[in-house]
Structures are given as C-alpha cells and as structure tokens.
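These numbers come from the heavy atoms of this one structure, side chains and all, not from hydrogens, waters or symmetry mates.
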Amino acid sequence: MHRLKPFGVLNGREVPVIELFSDKCAVELLPYGASVRAIRVPDRTDKLTDICLGYDELES
C-alpha cells in the first residue's frame with residue numbers, strides 16, 4: 001500500500017513524502033532528488049525500526 005504525506009515547502013512548491021508499506025516493512029521516499037528518507041524493518045522484538053539516516057525536515 002502507499003500514502004502521500006506533506007513534508008515541506010521548497011521554492012513555493014509542496015514536497016510530499018511517499019510512503020510504501022506493508023505489515024512487515026515500510027519505506028519513505030522524497031520525489032525531490034529521489035531521496036530515501038526512511039527504511040523501517042522489524043527489530044528482534046518485531047517493532048519497526050528506522051535503519052536509514054534521514055532528516056526530519058526538508059530544509060536539512
């Protein structure tokens with residue numbers, strides 16, 4: 001499944017986060033520069049944990 005969420009505004013244009021997810025994992029992508037913002041996979045306790053170094057806001 002997928003969903004779009006607002007992430008920030010750059011040069012007057014809104015930049016969304018594209019989230020692709022299932023019950024086992026999730027990936028967040030930014031169409032600005034084709035950036036990977038987050039990769040979430042289960043840890044040893046089955047809690048989804050982000051394993052990607054990404055920024056929390058677009059300006060960073």
Grab the two heavy atoms, one from P16 and one from P31, that are nearest each other, plus how far apart they are. O-CD, 3.2 Å
Who pairs with R44 by salt bridge (Lys or Arg N to Asp or Glu O under 4.0 Å), at least two apart in sequence or on another chain? none
Give the cluster check for L20 versus F7: same hydrophobic cluster or not, with ILVMFWY residues linked at side-chain heavy-atom distances below 4.5 Å. no
Please check if L29 and I51 belong to a single hydrophobic cluster, counting links between Ile, Leu, Val, Met, Phe, Trp and Tyr side chain heavy atoms closer than 4.5 Å. yes
Under a 4.5 Å cut-off applied to non-hydrogen side-chain atoms, are [X] and [Y] in contact?
{"X": "L48", "Y": "P42", "value": "yes"}
{"X": "V17", "Y": "L30", "value": "yes"}
{"X": "L4", "Y": "I18", "value": "yes"}

List, by chain and then residue number, the residues other than M1 in its hydrophobic cluster (Ile/Leu/Val/Met/Phe/Trp/Tyr, side-chain heavy atoms under 4.5 Å); write none if there are no others. F21
When rounded to the nearest 0.5 angstrom, what distance separates OG1 in T49 from CD1 in I39? 13.0 Å
Can you pull the salt bridge (Lys or Arg N to Asp or Glu O under 4.0 Å) pairs that have at least one residue in residues 24-42, sequence neighbours excluded? K5-E28, E28-R37, E28-R40, R37-D56
